[in-house]
Every structure is written in C-alpha cells, then in structure tokens.
Number of protein chains: 2
Amino acid sequence: MTRRSYGQYCGLAHALDLVGERWTLLVVRDLALGPKRFSDVLAGLPGLGTSLLSDRLRQLENNGLVERALADRAVGVVYRLTEDGEQLATALGPLTVWGAAKLADEPAPDEWRPEWLAFVLTSTFRHDQAAGIDDCYEFRLGDANLFVIVADGTITVSEDKRREPDLVATLDLPTLAAIGSGNMSVHEAINSGKARFEGDPDAGARAMQVFGS
Amino acid sequence: MTRRSYGQYCGLAHALDLVGERWTLLVVRDLALGPKRFSDVLAGLPGLGTSLLSDRLRQLENNGLVERALADRAVGVVYRLTEDGEQLATALGPLTVWGAAKLADEPAPDEWRPEWLAFVLTSTFRHDQAAGIDDCYEFRLGDANLFVIVADGTITVSEDKRREPDLVATLDLPTLAAIGSGNMSVHEAINSGKARFEGDPDAGARAMQVFGS
DNA sequence: CCGCATCCGCGTTGATACTG
DNA sequence: CAGTATCAACGCGGATGCGG
C-alpha cells in the first residue's frame with residue numbers, strides 16, 4: 001500500500017490522486033507547450049532531480065497522460081501529452097489564471113524564464129474567439145521575448161521568432177501576469193504606462209479579442 | 001527556508017505554492033459547500049490528522065483564502081472561504097470535472113460519502129444558465145441522497161431534505177460521475193437503464209439546462 | 001551526454017496521546 | 001470541541017553510479 005491515495009470517490013480527489021504529487025502538474029504544464037525531451041523538462045524545473053522526473057514521467061505514462069515518441073530531428077525520444085493529457089492541461093487553465101492573479105501582487109523575482117509565462121497565455125486564450133485569425137504577437141519582457149502565433153483557432157508560444165510579428169508588446173512580468181489573469185485590462189496597462197503596444201492596430205484589437213480583455 | 005516553493009514566476013506554480021500541498025485543495029473543496037467547523041472538516045477527510053488540518057487551515061487563513069467566523073447556532077467558530085477562496089474553488093471546477101471523467105471508468109468504492117460528489121455537481125453547474133430557475137433536484141445514490149437546490153442563479157447541495165424535490169434521479173456513482181463530467185449524456189444514461197428520472201418533466205429539462213448535458 | 005536506478009539525509013505526513 | 005505535542009513512516013532532493 002505504497003503510493004498514497006485519498007481514496008475518495010470525488011473528481012477533485014481522484015485528479016489529485018493521479019497528478020497531485022509534487023512537480024507532476026508542472027511537468028504537464030511544460031509538455032503542454034509542446035513535446036520535450038527528458039533533459040529539457042529537467043532544465044525547466046530547477047530543484048527537480050532526475051530520479052523524481054523519471055518517476056513522474058512513468059506515472060504519467062502509466063496513467064495515459066503522456067506518451068513517448070520518436071524525436072523529429074534527432075535521435076532519442078521525446079515526451080508528449082496524450083489527448084487525455086491535453087485535456088488535463090486545458091483544465092488547469094482557470095487554476096493557472098487564479099495563480100497569476102495572486103502573482104501579480106508580487107514583485108518580479110530574481111530568476112525567471114519566459115516559458116513560465118507562456119502557459120498563462122495559453123490559459124487565457126479563447127479558442128472560440130480565434131476563428132479566422134492568423135497573427136503573430138511578440139511580447140518583450142526585459143531581455144527575453146515570447147512569440148505567440150495564433151492560427152487556425154490554436155495558439156503556439158515560442159521563444160524563437162518563427163514569423164514576423166504583427167504586434168509588439170513591451171511590458172514587465174507583473175503587468176503581463178495582471179493582464180493574463182484579467183486583473184488589469186490592456187487599456188489600463190497602456191494608460192498607466194505599464195505596457196506599450198506597437199504595430200498593426202487591427203492586430204491589437206484581434207489580440208484583445210482572443211485573450212479576452 | 002522551510003516551506004518549499006517552486007520559485008517560478010508562473011501562475012500554476014504560484015497556485016501550487018499556495019495550495020498545492022497535500023490535503024489543502026480538499027479542504028477548500030469541503031469549505032466550498034459551506035462553512036464548517038474544525039471537526040466537521042476533519043471528519044470529511046479520513047487520513048488527515050488534527051495537526052495537519054490545523055496547519056493547513058492556518059496557511060489558508062494567512063493566504064487570505066479562509067477566514068474564521070462565529071458559528072450561527074452554537075458556540076465556537078467555523079471556517080469559511082473568503083472571496084479569494086471562492087474564486088479558487090471555482091477555478092477548481094474544470095480539474096474536478098476532468099477527474100470525475102477518469103473516475104467514471106472505475107467501479108464504485110467500498111466507502112464513499114455523498115458530499116464527495118456534491119462538489120462535482122457545483123463544478124458542472126452553469127451559473128449563466130440558471131437565471132430564473134428555482135428548483136430542487138434529488139439524487140438517490142444507493143442509500144444516500146443529495147438534494148440540489150437551484151435558486152437565484154446559485155446552487156446549494158445538501159444531504160438534508162430542505163425542500164420538496166421537483167425531480168428525483170436514481171442512479172449509481174459511476175453514472176453520476178460520467179454525467180457530471182460530460183462523459184455520458186442524460187439521454188444515454190436513461191436509455192441504457194443506468195439512471196431513472198421521475199417528477200416534473202419540465203424540471204428535468206431545466207436540470208439538463210443548468211448542468212449542461 | 002541521456003535516461004534511469006540506488007542510496008542517504010531531511011522535511012512532511014499520519015496516527016495517537018494529551019490539554020484547555 | 002478545538003486544537004497542540006510527539007514520534008514513526010514515508011516522500012523528496014541531492015549525489016553518485018551505471019549502461020546506452
């Protein structure tokens with residue numbers, strides 16, 4: 001009887017039985033942005049050891065949330081979410097947005113990575129508002145950049161400039177967290193000087209549409 | 001530097017820093033159904049010790065998610081969610097529904113409590129569809145009953161019969177989990193004999209409206 | 001170097017006993 | 001009823017080692 005379970009016939013308790021252990025949901029979050037190899041997941045989660053990541057990935061695999069796949073361009077395997085895993089990632093959206101709202105009260109930390117903010121962008125993304133939109137938005141956060149590509153009703157977030165952006169937003173971390181969580185509107189951010197938007201004004205309107213501000 | 005933190009500037013990581021420890025989210029779930037005293041929360045969470053519950057409640061209080069209040073009818077205090085705590089509980093809805101969908105694959109356990117299913121009902125409840133509806137639905141699950149009262153766009157779940165039900169549904173746990181998670185439609189459940197609905201047909205239609213099947 | 005297992009020290013948790 | 005105190009057992013983080 002190792003592997004503790006709450007043993008309650010409840011949706012939340014069962015979800016936590018499956019993915020409630022330390023690091024597990026952050027692994028899901030990272031894989032939600034795209035398939036990754038073992039060492040890339042590890043690098044994105046400071047403090048997590050190789051043994052534990054190995055355990056977590058196996059649990060996720062056994063529960064049908066993650067699968068191994070052959071890497072595209074190189075040897076080795078990558079881990080990627082299954083359909084069930086994608087649904088889990090989607091279900092984490094509101095919790096992520098809630099956390100981002102609390103986060104916005106706090107100052108930016110010493111160390112951070114742009115990918116950590118990518119997930120909240122996908123969480124506030126409204127699939128139903130994105131039909132027919134085909135844009136690229138660049139977010140400039142200090143010396144790091146995030147490129148958000150909206151196409152075919154889907155969102156992709158990347159640190160690489162795969163496409164010329166239609167809109168460039170310059171802001172700091174707490175402001176992005178506040179906007180992403182709905183705590184602050186884009187208008188407020190611009191008027192208070194906390195954010196600057198440049199580029200196609202129509203693209204700006206479309207961005208506000210799909211991100212629901 | 002006790003009290004482990006992920007230390008990532010990410011909505012999900014921050015949410016888990018605040019409420020990601022063992023038992024914490026289940027305490028929030030239980031309080032989401034209404035204010036409770038220490039011993040009632042404890043009784044609803046087998047396996048949780050008094051020390052840990054004490055710790056968790058203090059953490060939730062320090063984070064502004066729970067507050068102590070004077071009990072209505074008796075001496076002593078009750079714990080109840082703050083506005084922030086309510087928002088957290090709402091944000092747990094999709095995760096709860098996801099877990100309920102996975103739960104529906106499994107057989108009903110030996111021991112269970114009706115309140116454990118109450119939360120998934122509130123999670124699938126659509127506030128925006130409930131305007132003008134004033135109903136009571138009874139769910140019969142073996143020898144336990146759940147009474148759902150929909151009024152003024154809000155939902156209340158209770159084990160006590162506070163009101164004459166307009167609709168009585170008889171089904172088993174996995175079926176309720178499957179319906180609650182959207183895995184099974186009410187029509188399917190009825191046609192396959194897994195659920196039986198009796199009472200006002202109009203109330204049945206309204207129930208399906210607010211629970212989104 | 002990548003993926004993973006094994007071992008160890010320590011913080012967290014679970015269970016019981018005890019107190020206001 | 002509402003906790004605190006105590007302690008054993010477990011989970012986690014870090015380091016090391018081993019086979020591709």
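The analysis underlying the following values was restricted to heavy atoms, covering all of them including side chains, and did not include hydrogens, waters or symmetry mates. Labels below follow one simple rule: chain letters A, B, ... track the order of the sequence lines, proteins then strands, and each chain is numbered from 1.
- D:dA9 atom C1' lies 14 Å from atom CG of B:Leu52, rounded to whole Å.
- Which of D:dT4, D:dG11, D:dG13 sits closest to the side chain of A:Trp23 comes down to D:dG13.
- Rounded to an integer number of Å, the gap from CG of A:Leu57 to P of C:dC2 is 15 Å.
- Between A:Lys36 atom NZ and C:dC2 atom P the separation is 15 Å, expressed in whole Å.
- The CG-P distance, from B:Leu60 to D:dG3, rounds to 13 Å in whole Å.
- Within a 6.0 Å sphere centred on CG of A:Asp152, other residues, nucleotides and ligands contribute 12 heavy atoms or fewer.
- Listed pair A:Arg56 / D:dC12 meets the phosphate criterion, a side-chain N or O lying under 4.0 Å from OP1 or OP2.
- Backbone-only contact: A:Ser39 has heavy atoms under 4.0 Å from sugar-phosphate atoms and none from a base.
- If you measure from atom CG of A:Asp55 to atom C1' of D:dC10, you get 14 Å, rounded to the nearest angstrom.
- Annotation for B:Lys36: atom NZ counts as buried by contact number, over 12 foreign heavy atoms lying within 6.0 Å.
- Between the C1' atom of D:dA2 and the CG atom of B:Leu70 lies a distance of 15 Å, rounded to the nearest Å.
- Using a 4.0 Å cut-off between charged side-chain N and carboxylate O, B:Glu111 and B:Arg113 make a salt bridge.
- The side chain of B:Arg22 places no N or O atom within less than 4.0 Å of a non-bridging phosphate oxygen (OP1 or OP2) of D:dC12.
- Atom pair A:Gln59:CD and D:dG11:P shows a separation of 10 Å (rounding to whole Å applied).
- Side-chain atoms of B:Tyr79 and B:Arg37 include no donor-acceptor pair closer than 3.5 Å.
- One finds no side-chain N or O of A:Arg37 lying less than 4.0 angstrom from the OP1 or OP2 phosphate oxygen of C:dC4.
- When heavy atoms are screened at a 4.0 angstrom cut-off, B:Gly47 is found touching the sugar-phosphate backbone but no base atom.
- OP1 and OP2 of D:dC12 both lie 4.0 Å or more from every side-chain N or O belonging to B:Arg4.
- For a distance-only test at 3.5 Å, the side chain of A:Ser51 qualifies as a donor-acceptor partner of the base of D:dA15.
- When heavy atoms are screened at a 4.0 angstrom cut-off, B:Thr50 is found touching base atoms of the nucleic acid.
- An OP1 or OP2 oxygen of C:dG3 is reached within less than 4.0 angstrom by no side-chain nitrogen or oxygen of A:Arg58.
- Proximity of B:Tyr79 to the phosphate of D:dG3: a side-chain N or O atom is located under 4.0 Å from OP1 or OP2.
- Looking at A:Gln87 and A:Leu92, their side chains never come closer than 4.5 Å, going by heavy atoms from C-beta outward.
- Between B:Leu42 atom CG and C:dT16 atom P there is a gap of 12 Å when expressed in whole angstrom units.
- Judged by atom type and distance alone, A:Ser54 does not reach the base of C:dA5 through any side-chain donor-acceptor pair under 3.5 Å.
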